[in-house]
Amino acid sequence: MTLYLLCLLLFCIGLYGVLRKRNLVKMIVGLGIIEYSMNLFFVLLGYRVHGRAPLDARNQDILNMVDPLPQALVLTSIVIGLGVMALIIAIAIRIYEKYGTFDITKIKRLKG
Amino acid sequence: MNNTLIPFFVIIPLASAFLISFIGKFAKRIIIDALSCVSYLLLFVFSLYAVSLTHGAGGMPLVYTVGGWAPPFGISMVLDGLASFMLVTVNLIALCVIIFSLRYMERYTGKPKFHTLFALMVAGMNGVIVTGDLFNLYVFLEIASLSSYALVAFGTEAEELEASFKYAIMGSVAASFIFIGIAFLYGFTSTLNMADMAHVLSNKPATWVIPFVSVLFFMGFGLKAALVPFHAWLPDAHPSAPASISAMLSGVLIKTLGVYALARIFFNVFGITPQQSSVLMFLGALSMLVAVVLALSQWDLKRLLAYHSISQIGYVVLGIGLATPLGILGGLFHLFNHSVFKSLLFLNSGAIDYVVHTRDLKEMSGLKEKMPVTAQTNLVASLSIAGIPPFNGFWSKLIIIFACIQSGHGGYAIAAVVGSLLTLASFMKVQKFAFLGELKEKNKNIREAPLSMTVAMVVLAVICIGGGFLLLPSFRFFISEAVQVLLNGNEYSSLVLGAVGR
């Protein structure tokens, strides 16, 4: 249970970074923390205490096995996260070229 | 077998994206355009065929098991009435928009990149529609969103980059809420297949998990659908994109990623409860009214249209949230109608932008004599969105209002009428300032937009005029089978699992 709570804490830290920070780079770092926390959470769901790797071997009784599916899914999710992150960083670099700043309060041509 | 058709809705756009990015560097422009047009034409024909297939199957879904792994172990793709209805909507708009962009996108450099990203976006949306697996839905949703972030920033001007950054951050946070919701559902049911999940959930006692996951999904998909408390990114992102992309984003992207996914999960997997449906109705009515009031004070034509997208999504969600047969019929019919007339309106704004080089309503006036086709199609679309008979928007709004009264939600019916009147007012403003009045001196020498752009607009305008005929008994199966899928609720699981023989 403690692990899940720490995971939630990590998520909240990331959300704080995205919502409250004024620097574009810090917002991106916050987004990265959110992604790590959710991947961690999904892997934790499949974890069993003293579980072994989910390999099918002959002459062995597999009693306590770690769930392999979340690991496969998290791998996909990491790749997606990488794509999103690369795109957002590229956009942030172009924004810096146009506006000359990373400060979100000075990048305000749109009204919302 | 008929069900081998299903993966092609994802394969065709993916293959065309790959080919175009591969040959885009050295091939002639016309080859790339032709390849793109042919693939969307093929997709549209396939989606019409899919409608006839699902009609012929008589309410039974067609299931394709990827790699031959039967559910719940493998990924399955499901084609039922709702999926084929959405496929027709998406691919029809994609075809019209790509015809429009043949000339319009000449203004931007890197047109092959546009075609690649556009094809990826269509692949993502078609994937979201046909998939029967919850994690697969998330993957396709991210493919579609990722390419839409890039497309919003396509012009790489300051405003477009700013809008794209905002959209990308909010979209990613929404996606992470959806991901955590899926993780909770997997932990609770030990399955990811939607049909199997519905089966497991119906046998489990009610706990805190489903309400909690519902909240996560309301936030995640609500942000993708731009419902009112989560709408802040849309009025920036949609106007900043090139007009053909705005047409695609407002026309189908927010509906596929937001409303369709929401409806599919809440109706077919969870089996909607009165609490969830009342939340949907409240969010719908709120977006309907708040966004239309904000739209009234806009002078930027595309920004005004973007606010109306939020407002019209409110009608769709209100209709679907009623969860009565009539309400869902109205909601889905309005979804189809809105994607037609809103993409038409955005294409009109693109044509004006192409000719007059402005988006400000005060800068354009009297365009009617110089741009007759744009003016006439815009009139049709404006009357449709405002709900004037006999255009298609009138019928769907009428059905939604009747459904509200029928299920005893008179307040929502009044809100719908008020929203419709305010919509009419703001489109009167567009007509008055853009098309009527004196022609400006500097605009004396403008000409009508090129042929490929007007063709796309005329086709959409004809659908706007004829859209009401879809309610006639002989064409009605197109929508009513989609309605039936949502009404079936949890039975979705036995239908899908039955179709693969389990």
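In the text below, chain A, chain B and the rest are named by the order of the sequence lines, each starting its count at 1.
- Between B:S172 and A:V84, the closest heavy-atom pair is OG-CG1, 3.3 Å.
- With a threshold of 4.5 angstrom between heavy atoms, A:L31 approaches chain B through side-chain atoms but not through N, CA, C or O.
- Around the CH2 atom of B:W69, the shell of radius 6.0 Å holds no more than 12 heavy atoms that belong to other residues, nucleotides or ligands.
- Residue-environment remark: CZ (A:R48) exceeds the threshold of 12 foreign heavy atoms within 6.0 Å.
- A:Y99 approaches B:E162 most closely through the heavy-atom pair OH-OE1, 2.8 Å.
- At a threshold of 4.5 Å between non-hydrogen side-chain atoms, the residues A:E35 and B:F179 do not count as touching.
- Side-chain atoms of B:L192 and A:L69, non-hydrogen and from C-beta on, do get closer than 4.5 Å to each other.
- The NZ atom of A:K98 sits 7.0 Å away from the CG atom of B:L161 when rounded to the nearest 0.5 Å.
- If you measure heavy-atom distances from A:L24 to chain B, the contacts under 4.5 Å come from both the backbone and the side chain.
- Highest contact tally toward chain B, considering only A:I28, A:I80, A:L73, is held by A:L73 [criterion: heavy-atom pairs under 4.5 Å].
- In this structure, CG on A:L19 lies 8.5 Å from CE on B:M170, to the nearest 0.5 angstrom.
- The distance from the CD1 atom of A:I95 to the CD atom of B:E160 is 11.5 Å, given to the nearest 0.5 Å.
- Shown here is A:Y96, whose OH atom has no more than 12 heavy atoms of other residues, nucleotides or ligands within 6.0 Å.
- Contacts with chain A (heavy atom to heavy atom, under 4.5 Å) involve these residues of residues 134-141 of chain B, listed by number: B:F135, B:Y138, B:V139.
- Of the listed residues (B:G187, B:A150, B:A183), the one with the most heavy-atom contacts under 4.5 Å to chain A is B:A183.
- When heavy atoms are compared at a cutoff of 4.5 Å, B:F188 does not approach chain A at all.
- Smallest separation of non-hydrogen atoms from B:Y186 and A:P70: CE2-CG, 3.7 Å.
- Of residues 85-93 of chain A, those residues lying under 4.5 Å from chain B by any heavy-atom pair are A:L87, A:I88, A:I91, A:A92.
- Residue B:F18 places its CZ atom among 12 or fewer non-hydrogen atoms of other residues, nucleotides or ligands, all under 6.0 Å distant.
- Heavy-atom pairs under 4.5 Å with chain B were tallied for A:R94, A:M38, A:E97; the largest tally goes to A:M38.
- Under a cut-off of 6.0 angstrom, the local environment of NZ in A:K26 is sparse, with at most 12 non-hydrogen atoms contributed by other residues, nucleotides or ligands.
- Checked against the 6.0 Å centroid threshold, B:F184 and A:F42 do not count as a close aromatic pair.
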